[in-house]
Amino acid sequence: MRTFRGGLLIGLAVAVLVAVLAIIYEFYDTRTLKRTVRRGEVLCGVNKGLPGFSYSEDNKNWSGFDVDFCRAVAAAIFNDPGKAKFIPLDASERFKELQSRKVDILSRNSTWSMARELDYDLYFPAVAYYDGAGFMLPRSRNKETSLDLDGSKVCVQAGTTTALNVADYFKANNMKYDEVKFDKLDDVVKAYDTGKCDTFSADVSQLYALRLNLTKPGDHMILPDMISKEPLAPVVRQRDDDWMMIVKWTLYAMINAEELGVTSENIDEALKSKKPEVMRLVGTEGNYGEQLGLTKDWAVRIIRHVGNYGEMYERNIGEKSKLKIPRGMNQLWNAGGVQYAPPMR
């Protein structure tokens with residue numbers, strides 16, 4: 001009896017230990033791809049409401065450049081862009097929520113900086129959008145450049161690089177300003193729209209989007225000059241290289257597809273191509289998809305469902321959108337911009 005009872009206790013102890021180890025393993029397991037496949041969806045942290053980049057009136061029907069990138073990742077894994085689930089996050093909480101595994105990826109107008117990689121233990125795999133901080137102000141102020149803003153009252157959002165950039169810019173140019181800071185972006189927009197400040201600083205792309213929400217959008221202008229470098233990139237956790245590679249090469253596949261002229265409309269013709277670069281992209285040559293832990297047609301899935309980089313850009317923030325932001329630096333390298341992807345070979 002004692003032997004049986006002792007064996008039972010040992011068995012229970014082993015079972016409890018196995019359960020505890022399973023919980024610990026699940027918490028500390030860095031293989032996001034495995035968990036994502038098991039879950040059946042990609043959890044994407046996005047901006048709470050930035051037209052053109054990530055926007056939804058009901059937290060269900062999301063649209064935008066950053067949203068489409070998450071859908072591209074889901075398409076690469078599941079062949080279904082609908083497998084992307086969007087979780088809106090404030091600027092102040094985005095990196096902590098990624099660290100705590102509430103989301104698998106941030107696709108949320110986040111600037112790549114050294115401090116953010118080091119302080120938060122994160123990776124920014126590749127630049128999705130080259131941007132810079134700028135200024136929006138009422139047309140009635142009759143200002144032409146940022147150097148004309150001495151003495152301005154500037155609205156900024158706390159927890160962003162913008163506040164630091166504005167401080168550096170005014171100090172470097174021996175100008176004075178009053179900072180009006182709010183934690184939530186909606187409060188910043190409201191303060192500017194109601195005249196609590198006479199200047200609004202954010203990434204230029206963000207200013208184009210937020211101008212649409214003002215009471216009289218046409219009464220406001222965005223100055224042409226940028227005061228900082230703001231490489232906006234998706235974000236993932238460190239020590240999760242398999243997942244980082246998928247996120248990075250999803251973007252690079254879309255950029256390479258645009259450069260090669262492969263679109264959502266001609267993807268079936270591309271599958272018949274005998275051009276080596278196109279064949280490697282669509283998976284009829286090489287085993288790049290399998291090396292990523294995906295299928296041979298992983299890039300085909302992305303392009304068929306979401307399109308190439310140019311398609312994603314134009315429909316959300318380019319000439320086919322309400323924002324009509326010029327491609328500028330985000331034009332391909334061979335068309336006057338700096339957007340560039342390593343070759344697939």
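Numbering starts at 1 and runs along the sequence shown. Heavy-atom basis, side chains included; hydrogens, waters and symmetry copies ignored.
The pair Lys272-Glu269 meets the salt-bridge criterion, since a charged nitrogen lies less than 4.0 angstrom from a carboxylate oxygen. A salt bridge links Arg71 with Asp68: the distance from a Lys NZ or Arg NE/NH1/NH2 to an Asp or Glu carboxylate oxygen falls below 4.0 Å. Using a 4.0 Å cut-off between a side-chain N of Lys or Arg and a carboxylate O of Asp or Glu, Arg39 and Asp104 qualify as a salt bridge. Ionic pairing of Lys275 and Glu277 is not present here: no N-O contact between side-chain nitrogen and carboxylate oxygen is shorter than 4.0 angstrom.
Proximity of a side-chain donor or acceptor of Asn316 to a complementary backbone N or O of Met312 within less than 3.5 Å is detected. Side-chain atoms of Arg280 come within 3.5 Å of backbone atoms of Met344 as a donor-acceptor pair (strictly under, hydrogens ignored). Here the side chain of Ser107 pairs a donor or acceptor atom with the backbone of Asp66 at under 3.5 angstrom. A side-chain donor-acceptor contact under 3.5 Å links Asp198 to the backbone of Lys153. Glu314 places a side-chain N or O within donor-acceptor distance of the main-chain N or O of Glu319, the cut-off being under 3.5 Å. In this structure, Thr250 contributes its side chain and Ile246 its backbone to a donor-acceptor pair below 3.5 Å. A side-chain donor-acceptor contact under 3.5 Å links Ser321 to the backbone of Leu323. Side-chain N or O atoms of Asp80 include one that pairs as donor or acceptor with a backbone N or O of Gly82 at under 3.5 Å. For Arg301 (side chain) and Ile77 (main-chain N/O), a donor-acceptor pair under 3.5 Å exists by modelled atom type. Side-chain atoms of Glu258 do not come within 3.5 Å of backbone N or O of Tyr309 as any donor-acceptor pair.
In this pair, Phe135 and Tyr169 present their aromatic rings tilted. The plane angle is within the 30 to 60° band. Ring pair Phe65/Tyr129 is perpendicular by interplanar angle, where above 60° counts as perpendicular and below 30° as parallel.
The heavy-atom pair separating Ala84 from Cys44 by the smallest distance is CB-SG, 4.4 Å. For the residue pair Gly310 and Arg327, the shortest heavy atom distance occurs at CA-NH1, 3.7 Å. Listed here is the closest heavy atom pair of Ile317 and Gly52: CG2-O, 3.2 Å. Closest heavy-atom contact between Ile227 and Asn165: CD1-O, 3.9 Å. Heavy-atom minimum distance, Pro234 versus Pro125: O-CD, 3.0 Å. Closest of all the heavy-atom pairs between Ala257 and Ile303 is CB-CD1, 3.6 Å.
Checking Glu265 against Thr263 by side-chain atom types alone, no donor-acceptor pair falls below 3.5 Å. Using a 3.5 Å distance cut-off with no hydrogens or angles, the side chains of Arg116 and Ser110 do not pair a donor with an acceptor. Side-chain N/O atoms of His305 and Asn79 include a donor and acceptor closer than 3.5 Å. If you check the side chains of Ser56 and Asp58, you find a donor sitting under 3.5 Å from an acceptor. With 3.5 Å as the limit, one finds a donor-acceptor pair spanning the side chains of Asp297 and Thr295. Of the N and O atoms on the side chains of Asp225 and Ser146, at least one donor lies less than 3.5 Å from an acceptor on the other residue. Counted by atom type alone, Gln157 and Thr162 present zero donor-acceptor pairs between their side chains at under 3.5 Å.
More than 12 heavy atoms of other residues, nucleotides or ligands sit less than 6.0 Å from atom NZ of Lys48. Within 6.0 Å of atom CZ in Phe182, more than 12 heavy atoms from other residues, nucleotides or ligands are found, so the atom counts as buried in its surroundings. Around the CD atom of Gln291, the shell of radius 6.0 Å holds more than 12 heavy atoms that belong to other residues, nucleotides or ligands. Within 6.0 Å of atom NZ in Lys296, more than 12 heavy atoms from other residues, nucleotides or ligands are found, so the atom counts as buried in its surroundings. In the displayed structure, Lys196 atom NZ is contacted under 6.0 Å by at most 12 heavy atoms of other residues, nucleotides or ligands. Shown here is Lys143, whose NZ atom has more than 12 heavy atoms of other residues, nucleotides or ligands within 6.0 Å.
For the pair Thr36/Trp243, a side-chain contact is recorded, criterion being any heavy-atom separation below 4.5 Å from C-beta on.
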Evaluate the criterion ring-ring contact (aromatic ring centres under 6.0 Å, His included) for residue pair His220 and Phe200; output intermediate values, then yes/no.
-> CA-CA 10 Å; His220 302 268; Phe200 185 176; 9.8 Å; no

Where do Leu98 and Arg237 land on the side chain to side chain contact (heavy atoms under 4.5 Å, CB included) test, with the steps shown first?
-> CA-CA 7 Å; Leu98 177 60; Arg237 292 177 289 273; 3.6 Å; yes

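There is a path of hydrophobic side-chain contacts, each under 4.5 Å, that joins Leu332 to Val338.
Just one residue in the list Met136, Arg141, Glu144, Arg139 forms a side chain to side chain contact (heavy atoms under 4.5 Å, CB included) with Met221, and that residue is Arg139.
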